[in-house]
Amino acid sequence: MSVLDERIVDGGRGDGYGEQIEELEFLLEADPTLGARRAAAHVRAARAERDDDAEMRLSYYLALAHHVQGHDVAALAAAARTEQLALGRGDLAWQSRALACRGMVHHEIGDVEDAVDLLRRAVDLRREAHDDAGTAEVLTSLGRVYIGMSQFAPEAASTLAEARRLWLTAGEPDGASTALTHLATNYVVMSQRIARTNSRGALAAARKALEVAQQAVDEADAAGLSRTAIDARLAVVGAHLVSGDLEAAGVTLRATTTMQTRFPAPRQQLALHRVRAAWLAQTGRCADAIDEVDAGLRMCDVLDRPADRVELLRTRVDALERSGDVVGALGTLHELHDLTVELGEAVAARRAVLLSSRLEVERAERVAEAERRRSSALEARNERLAYEASHDVLTGLANRRALDDDLVARAEGGARPFTLALVDVDHFKRVNDECSHQTGDEVLARLGAVLAASVRPGDLAARYGGEEFALVLDGADREVARGVCDRVRSVVAALDWPHDVPGGRVTVSIGAAARTATTTVDEVLARADAALYLAEADGRNRVQLAD
C-alpha cells in the first residue's frame, strides 16, 4: 500500500467501510475487474444508506478500478460522482483526488492538455487545503505525466523536485523517496532523448541521472521500500546504458533481478525484461536479447501493456540488426508499424467514445438546467402567490387572513400566552377627506413600516382592516406589552408629516388584551377591541390594556 493509500484509509474514515477500502486497495493490483464489481456493489449500498461520505470515497476507488481496466467513460463518471459529493461536503482533498483521477484517464488516451489542466487544478485544491502531503502526491502524478512529454522535461524535473520537498515537509520520507525515483527516471529519459542527437550532452545528462538514481536506491533501501528500490535500480541501469558502462549496468541488473524474485510484481517484471533485453543487445548477446524480448511480449499479452510491447519490439529490431538478420528486423519493423497504427486507432476510438459520452452528458445537463430553471420559476411564482395571499399589498404586513391563522395556531394545544394589540389611526377619515386617498395610503404604508420595525422575533405585525392594525406579542406579560405599545404610540406621534396632513401630525390609539390558556381567540379579540374603544373615548393617542 502506498503512503497516500495508507493516509486515505486511516484519515477520517468511517469504521463501516474501512475493510471495504482495504479490500479494494488489494484488488486494484490483484484483480481490477473483481475490484470494479465489488466497488460498484459497495457504492450502491452506501447510496441506499444515504452515506455520502462512504459513497464519495468508494466511488473514487470504483473510478480507479475502471481506469486500470481502460474503461474511460465509467472511470470519469465515477470520478465525477466523487467530485460532486466532495463539492457538497466542501472536502477539498477528495475533490482533488477526483480531479487527479480524471487527469490520469485523459493522459491515458493521449489527451495531454486536459490531463495537465485537471492535475494542475487538483494541485491548486490541495494547496488551498494547506495539505502538503496531498499536494506532493498530486505533484508526483503530474511529474509522471510530464516525463512522457519531451517538451515538458524541465517542468517534470521541477515538479518532482517540489513534490519531494513537500513530502519531506509533511514528514513522509517514503513519498519523498518515490518522487526522487521518478525524478531519476525523468533524467534517464532526458539523457536517452539527448543521445539521439548529442552524444556528449547525453553523457553529462546520464551522469546527473545516475547520481539521482543512486541516491534514490540508497533512500529506498534504508526505508525498506522494495518496489521503489527496484524502480530506482532500473533507473540506475538506464543511466549506465546511456553512458555506455555496460559492466556496471550488468551488475545492477543482477542485483535488481534478485530483488524482483524476492518481491515479485508483474509491472516491474515486465520492466526488467525490457531493460535486460536492451542491455543484452548492447553487449552483443543478441540471441539472449531476443529471448528476453519474447518473454516480455508474452507478459504484455497477459497484462495488456501495448506501450511496453512497442518498446520491446524496438529492442528486438535493434538486436536483429546487430546480429545481421536484416529480414527478421524488417519483419519486426512491420509488426511495430502495425502495432503503432493499431494503438493510434485505439486511442482515437477511446477519444471518440469519451467525446460522445461528454456530448451526451452535456445534452443531459442542458435538459436538466432547463428543467431546473422551469422548476425555479414555478417555485418563485408559487412563493409570490403564497406571499400575496398572506400579505397586505399596501403595507407589506401580514393580512387579516394570515393574522387569523396565526392566532388560531398560537391558541392550539395550550401554546405560550401572548398579547394582542389593536392599533387604530386617530381621525383617519379626515386625512382621506381633507387631503386625498393617496395621502391616506402613504400614511398607512408609513405606519406599517413603523409596526414592522417594532416587533421582535416571534411577534407578528398585521393589517387588521382599513386604518386598523394588529400586533401579536409572543409571551408578553402586561408590563412588556404596555412598553411595546407605548413605544409604538410615541414613535408615531413624533413622526414628521407633509404639511397637507391635517395638523401635520398623526397619532394612534391602542387597545391590548392578554390571552391565557383558558381564553379563546374570539375573547381576546373582543377584549382588545373594547380596550381600543376606551382609549379612543379617553381622548385618543393613548394605550389602554384590558383588565
Is any NZ, NE, NH1 or NH2 atom of the basic residue among D231 and R267 found under 4.0 Å from an Asp or Glu carboxylate oxygen of the other?
yes
Regarding R207 and E211, does a basic nitrogen lie under 4.0 Å from an acidic carboxylate oxygen?
no
Nearest-0.5 Å distance, CG of residue L87 to CE of residue M56
11.0 Å
Which distance, rounded to the nearest 0.5 Å, do you find between the CG of D132 and the CG of L168?
11.0 Å
Testing the basics here: between E172 and A133, what is the closest heavy-atom pair and its distance to 0.1 Å?
CG-CB, 4.3 Å
Taking all atoms of both residues into account, what is the closest heavy-atom pair of A205 and I194, and its distance?
CB-CD1, 3.9 Å
Cationic tip of R276 above W279 ring, under 6.0 Å, 45° of axis:
no
Please check this pair: side chain of D459 against backbone of R456, looking for a donor-acceptor N/O pair closer than 3.5 Å.
yes
Side-chain contact, heavy-atom cut-off 4.5 Å: L139 with T135?
yes
Can you tell me how the ring of F152 sits relative to the ring of Y146, calling it parallel under 30°, perpendicular over 60° and tilted otherwise?
parallel
Kindly indicate, with the supporting measurements, whether the criterion side chain to side chain contact (heavy atoms under 4.5 Å, CB included) is fulfilled by N382 and L378.
CA-CA 6 Å; N382 289 338; L378 182 60; 3.9 Å; yes
Polar side-chain atom of H391 near backbone of Y387 as donor-acceptor pair, under 3.5 Å:
yes
Would you indicate whether R200, at its atom CZ, is surrounded by more than 12 heavy atoms from other residues, nucleotides or ligands within a distance under 6.0 Å?
no
Which value, rounded to the nearest 0.5 Å, describes the distance between L85 atom CG and Q95 atom CD?
10.5 Å
Could you report the tightest heavy-atom contact between T159 and G143, atom names first, then the distance?
CG2-N, 3.8 Å
How about H240 and L210: do any of their side-chain heavy atoms sit closer than 4.5 Å?
yes
Would you check if there is a donor-acceptor pair between the side chains of R233 and T252 at a distance under 3.5 Å?
no
May I ask you to say whether R298 pairs ionically with D294, meaning some side-chain N is under 4.0 Å from a carboxylate O?
no
Start with the C-alpha gap between R316 and L297, add the side-chain angles, then the distance that decides, and say whether side chain to side chain contact (heavy atoms under 4.5 Å, CB included) holds.
CA-CA 10 Å; R316 177 194 266 177; L297 291 174; 3.8 Å; yes
Nearest heavy-atom pair of A122 and S96: which atoms, and what distance?
O-OG, 2.8 Å
Are E128 and L125 side-chain neighbours, meaning at least one heavy-atom pair lies under 4.5 Å?
yes
List the steps and the verdict of side chain to side chain contact (heavy atoms under 4.5 Å, CB included) for L24 and L58.
CA-CA 9 Å; L24 295 176; L58 293 166; 3.8 Å; yes
How long is the span from the CD atom in E23 to the CD1 atom in I21, to the nearest 0.5 Å?
11.0 Å
Just wondering, are more than 12 heavy atoms of other shown residues or ligands nearer than 6.0 Å to CD in E247?
no
Does any part of the side chain of D174, heavy atoms only, come nearer than 4.5 Å to the side chain of T178, both counted from C-beta?
no
Given 3.5 Å as the limit, does a donor-acceptor pair link the side chain of Q69 with the main chain of A65, or not?
yes
Give a yes or no on whether a salt bridge exists between R274 and E311, defined as a side-chain N under 4.0 angstrom from a carboxylate O.
no
Are more than 12 heavy atoms from other residues, nucleotides or ligands located less than 6.0 Å from atom CZ of R227?
no
For the backbone of V188 and the side chain of S191, can you confirm whether one donor and one acceptor N or O come within less than 3.5 Å of each other?
yes
Over 12 non-hydrogen atoms of neighbours within 6.0 angstrom of CZ in R144:
no
dist D31:CG -> R38:CZ (nearest 0.5 Å) comes out at 9.0 Å
Salt bridge or not for R120 and D117, using N-O below 4.0 Å?
no
Closest non-hydrogen contact found for I147 with A156 is N-CB, 4.0 Å
In this structure, are over 12 heavy atoms from other groups packed under 6.0 Å from E371 atom CD?
yes
Salt bridge present between R374 and E379 (N-O < 4.0 angstrom):
no
Inspect the contact between R127 and E162 and indicate whether a charged nitrogen and a carboxylate oxygen are less than 4.0 angstrom apart.
yes
Within-4.5 Å side-chain heavy-atom neighbours: H42 and R57
no
Taking C-beta and beyond as the side chain, do T257 and Q260 meet within less than 4.5 Å on heavy atoms?
no
Using a strict cut-off of less than 4.0 Å between a Lys/Arg side-chain nitrogen and an Asp/Glu carboxylate oxygen, indicate whether E83 and R97 qualify as a salt bridge.
no
Sub-4.5 Å side-chain heavy-atom contact between E55 and D52:
yes
For the pair V145 and M104, evaluate side chain to side chain contact (heavy atoms under 4.5 Å, CB included) and give the outcome as yes or no after the intermediate values.
CA-CA 8 Å; V145 169; M104 296 311 292; 3.9 Å; yes
Side-chain donor or acceptor of R309 paired with backbone N/O of C300 under 3.5 Å
no
Let's go through R285 and E292 carefully: what are the C-alpha distance in whole Å and the side-chain angles of both, what is the deciding distance for salt bridge (charged side-chain N to carboxylate O under 4.0 Å, His left out) to 0.1 Å, and is it a yes or a no?
CA-CA 11 Å; R285 297 158 62 183; E292 198 71 37; over 6 Å; no
Residues H106 and L118: closest non-hydrogen pair is CD2-CD1, 3.5 Å
Salt-bridge present (D53, R89; N to O < 4.0 Å):
yes
Side chains of L119 and S141 in contact at under 4.5 Å (non-hydrogen atoms):
yes
Please test T140 against W167 for side chain to side chain donor-acceptor pair (under 3.5 Å), starting from the C-alpha separation and ending with a verdict.
CA-CA 10 Å; T140 302; W167 279 124; 3.3 Å; yes
d(T283 OG1, R322 CZ) to nearest 0.5 Å is 8.5 Å
